[in-house]
Amino acid sequence: MATTPADAAVTPADLRFGRIGFAVVTLLAAVSTVGAFTTLDFGSPTEPGPGFWVGCISAATLAFTLVALLNPRVVIDGVSRITRADGVAVAAAVPLLALTPPLLTLLGLTVTTALVCLYWFTVITRTAPLRGLVGAVAITMGIVVVFIELLQVPSPLGTLTGIR
Amino acid sequence: MDILQNLTDGLQVALAPENLLFVLLGVSVGMMVGVLPGLGPAPTVALLLPITFGLEPSTAVILLAGVYYGAMYGGTITSVLLRIPGEAASVVSTVDGHEMARQGQAGRALGLAAIGSFVGGLIATCCLVLFAPALADFALNFGSPEYTVLAFLGLILVAYTSAGTMIKSLVAVGIGLLLASIGQDPMSGATRWAFGVPDLMGGIDIVAVIMGLFGLSEILVNIVENRRGVSTTNHVGRVLPTGRDLKENAGAIGRGSVVGTALGLVPGGGGVLASLVSYGVERKVSRTPEKFGHGAPQAVSGPETANNAASISSFIPLLTLGFPPNGVLAVIFGALLIQGVTPGPTLIFDHPDIFWGVVGSMVVGNLILLVMNIPLLPIFVRIAKIPPAVMSTLTVAILVVGAYTINGNTFDVGVMVAAGLVGYLLRSIGIPPAPIVLAFILGPIFETNFRRSLVLSDGGFGIFASSPTAIVLLMLAFLVVLSTALPLIRRRRQTLEAKD
Amino acid sequence: MRFPTIPAVASAGLLLVTGCSLTEAPASSEYPSQSISIIVPVPAGSSTDLSTRVLAPCLEQELDATIVVENREGGSGAVGNGVFARAKADGYTLVSTTAANAVLPPILEGDVGYDVDSFRPVGMIGTAPIVLVVPAASPFKTAKDFFAAAKAGTVKLGIPGATSVPGISVDTLIDSTGLGITPVPFDGNGGTMTAVLSGEVQAGYVSGDAAVVLPRVESGDVRVLATAVTEPIETMPDVPTLKSLGYTDLPYADSFWFLATQPKTPDDVVGRLENAMKNCMTSDKVVTGLGKGVAPSSFIGGDQVATLLRQAASDYAKNRG
């Protein structure tokens, strides 16, 4: 299965990227292992407590990430380095995505959907502003019709706007 | 003869104009919620519950059942075309199905899935007719040790069936298990990893995690490519499968029907487990397992057959024992109670119109779905021809709204966003999302039943081999591990010999 | 092909749910002048959810307003009850919750954004007495057989969850008597009953809900050995209570669920709701819809529910706090 030929496609930058990524995952697994053993009741193998399973899977995950980290052939497998262009675009999307839950509460479903669409069109996909506006309105109308009018899903009443 | 008579009566119930209308209504709504990510079959069935108050009991169940298996057909379309599972049981198809779509064979994948679903649905319906009592008896005998071993087998299959290196799949499984351990420990009631946040105490919602890991991370991976205004992807190709296609997939569809029908009976398993196990089985019997993960038709037809078969066979425990094996059936159970009908062993005798009417409607409903699916696929497929900029914006909007509609909670939107970003970062270092989600589902089943078994046996591990079912499942798990390890050992020996 | 059917579903639903109220303007500007939502903090299809959905159409008629039942599940009721507690106290966001879901999360988890004082009960919707059941073929013929076996050795007793009302109640029983009972938590009443019927556990200690447990009792698949309530249940007059068997000082062990508003809700609004509730809970249609043994035989009003709720809260706090 580990069929990663060490051919020309693999660059030192990819390897470094994979290693940094796995170092972070390893660190998180270590934190989770320590957390499981210190904050949860481990019990015993025949009478497992709430921490037994968490402790076992944290430790196992830590072991696997360490194996991957120490083995260049494994760590490089399937790595697709985030390019600068990708990174910039995703970084632009993060604030919008992080703000969506509070926006839903404040502005309601309809306005939030329209804002998300407009931002995504103009900032992320770099669609021309007018086309983006038309698209955002169209998508929002479609969503309102399907989810709110036809399926009658519970939707938040914006505390600022007073509409769904 | 009796069965034939009953089936004829059942078809008559199903073909009564009112019931026919509601079958059509049910499968159409089901198909639609299947295509839309987020709003799964269970919430939809719950939303439709008030409508059933005014209906005959048989009509009510016919409507709700139609939504359920209709969603199984619809979910495939979104999985194949957008790589977002329309509903959880179509997760497996996001891999090979979408790969086929990339290769311009979306139509082929969807056509095979529709035909497979139809065949699986019919076979499961036949089983419902022929073996309902006996099969349900068997599933009832499943105790905690059997579930433990079954979930263990499932987890092994997850690591085994994923593409890429085994170690990275195992890391993904570990991440999924850890995410699933957030919330209340079902055995002791202690809270794990909640940090005093009430929303975390019940655990994080699997649907929100799925939407983030699959849907949002896919959008983020293609964030730059999606700036194109014109679609270049997805030549759909012919939808009606060729004779050769059918021949090559007949085995997968047959095996998927059997796997799906069997696992639909298992409470908690249902369509997700069925499609996963079917994928594992297909990969194992395939003569070209290396094609799995890169657009193998059998990796779509098998699992899609299995999830539809499971959705239908999951009616067996409800209609014969009165136990709903999953959330959708729990709502249908409630619908029957409101009608004054208590599902249980006597239902078939006391209310034959319900049992046989539902059976009849499944035949009719699956036929409608097949007929709707093949000629109407081009309409669904047109979604794929929308420019990527529009499609990605629409997807983000649906993900946000869909995550909200799961429980009507903005917290789930946050979970979806976090899962999307984490999934994006993990994918960049080669950790696949599918094993995370599947482990997320199987982990709690394993842990709870493992610990419960040990309470039952006073700490003795012999309980896991205490019944024939458990022993057979354990041996299966052992065989899977062995078949994974053997090629590795052989390869190592070859390398060693080569060195000598 | 698909779309004509969707408006049909939606409009059919609207017609049935609202009784055509959409076409009429509200009669007066007084309460209720907009739609009322009832939060149900447990999943759709559970017994609290189902009985709320039986009650809702009747309340709509009584109040002449649209009622939306919203499931906000998660955290053993903590999520939905938290949303309810944070909502405006204007009578437009109500909650339908079990006593356990209202009382236990703040005791077990600390600060969850509400506590027992966040509920001002309007009226009881349903009750489910806790029952000790064994399969029909069990050697335990009476409660005495069961407790004799528990004294002599270990009895495996299925419970519907470690922090469920029966679970806490059994813990207290074991702590106070030293009986050889091993509680085994299963997934809700359904899971516990499966385990009882398959013989995986020797007995089950569950709330006698109309969905899973009572039908099994009626069909004779299981036998009720004892009930936890202090007074015998009307529908099972011959079954002894734990108290009559000599097990006293147990926490309040009776599952009930009720409609509630926030404490600051205006009195006239609460009065209007309580009146509507009273009319509904005494109507044949609602009583039949709720099922035999679920609806209280006479309406139990807000003050009485509040007393029961506080009793339950202090009992659980004593045993788990």
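All values derive from a computational prediction rather than experimental measurement. Lettering follows sequence order; numbering is per chain, from 1.
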Minimum heavy-atom distance Ala93(A)-Leu220(B), with the two atoms named:
CB-CD2, 4.5 Å
Where Ala98(A) and Val417(B) come nearest, the two heavy atoms and their spacing:
N-CG1, 4.4 Å
Among residues 33-44 of chain A, those lying within the under-4.5 Å heavy-atom range of chain B are Gly35(A), Ala36(A), Leu40(A)
Top contributor to chain A interface from Gly460(B), Ser181(B), Ser428(B), Ser457(B) [non-hydrogen pairs under 4.5 Å]:
Ser428(B)
Is the shortest heavy-atom distance from the side chain of Phe64(A) to the side chain of Val173(B) under 4.5 Å?
no
Would you mind telling me which of Ile143(A), Thr113(A), Thr100(A) has the largest number of heavy-atom pairs within less than 4.5 Å of chain B?
Ile143(A)
Specify which of Leu454(B), Leu178(B), Val413(B), Asp458(B) makes the most heavy-atom pairs with chain A at under 4.5 Å.
Leu178(B)
So which residues of residues 82-89 of chain A are in contact with chain B at a heavy-atom cut-off of under 4.5 Å?
Ile82(A), Ala85(A), Asp86(A), Ala89(A)
Residues, nucleotides or ligands: over 12 heavy atoms within 6.0 Å of Glu47(A) CD
no
Is there side-chain contact between Val54(A) and Asp185(B), with at least one heavy-atom pair below 4.5 Å?
no
Just verifying a value: how many Å separate Leu216(B) CG and Leu97(A) CG, rounded to the nearest 0.5 Å?
5.5 Å
Is there a side-chain contact between Pro50(A) and Arg451(B), using heavy atoms and a 4.5 Å cut-off?
yes
Separation between CG of Asn71(A) and OG1 of Thr165(B), rounded to the nearest 0.5 Å:
9.0 Å
Measure the spacing between CG of Leu155(B) and CD1 of Ile57(A) and express it to the nearest 0.5 Å.
9.5 Å
Taking every heavy-atom pair that is under 4.5 Å apart, which of Phe446(B), Phe461(B), Tyr424(B), Phe411(B) has the most such pairs with chain A?
Tyr424(B)
Interchain contact, Ala397(B) with chain A, by part (heavy-atom threshold 4.5 Å):
both
All pairs passing ring-ring contact (aromatic ring centres under 6.0 Å, His included) where residues 100-128 of chain A contributes a residue, at least two apart:
none
Looking at Ala136(A), Ala60(A), Cys117(A), Gly18(A), which makes the most heavy-atom pairs under 4.5 Å with chain B?
Cys117(A)
Side chain, backbone, both or neither: which part of Ala68(A) has an atom under 4.5 Å from a heavy atom of chain B?
both
Select, from Ile124(A), Val90(A), Thr127(A), the one with the greatest count of heavy-atom pairs under 4.5 Å involving chain B.
Val90(A)
Any side-chain heavy-atom pair of Lys168(B) and Phe22(A) under 4.5 Å
yes
Which residue out of Thr393(B), Leu177(B), Asn222(B), Ile219(B) racks up the most heavy-atom pairs below 4.5 Å with chain A?
Thr393(B)
Sorted by first residue and then second, give each side chain to side chain donor-acceptor pair (under 3.5 Å) pair with at least one member in residues 49-62 of chain A; sequence neighbours left out.
Ser32(A)-Ser58(A)
Please find the pair of heavy atoms, one from Ile139(A) and one from Val390(B), that lie closest to each other, and give the distance.
CD1-O, 4.2 Å
Looking at CG of Leu170(B) and OG1 of Thr65(A), how far apart are the two atoms once the value is rounded to the nearest 0.5 Å?
11.5 Å
Can you tell me how far the CZ atom of Arg73(A) sits from the CD1 atom of Ile167(B), to the nearest 0.5 Å?
12.5 Å
Looking only at non-hydrogen atoms, find the nearest pair between Phe450(B) and Pro48(A) and report the distance.
CE2-CG, 4.2 Å
Would you please test Val94(A) and Leu421(B) for side chain to side chain contact (heavy atoms under 4.5 Å, CB included) and show each step?
CA-CA 8 Å; Val94(A) 169; Leu421(B) 291 170; 3.9 Å; yes
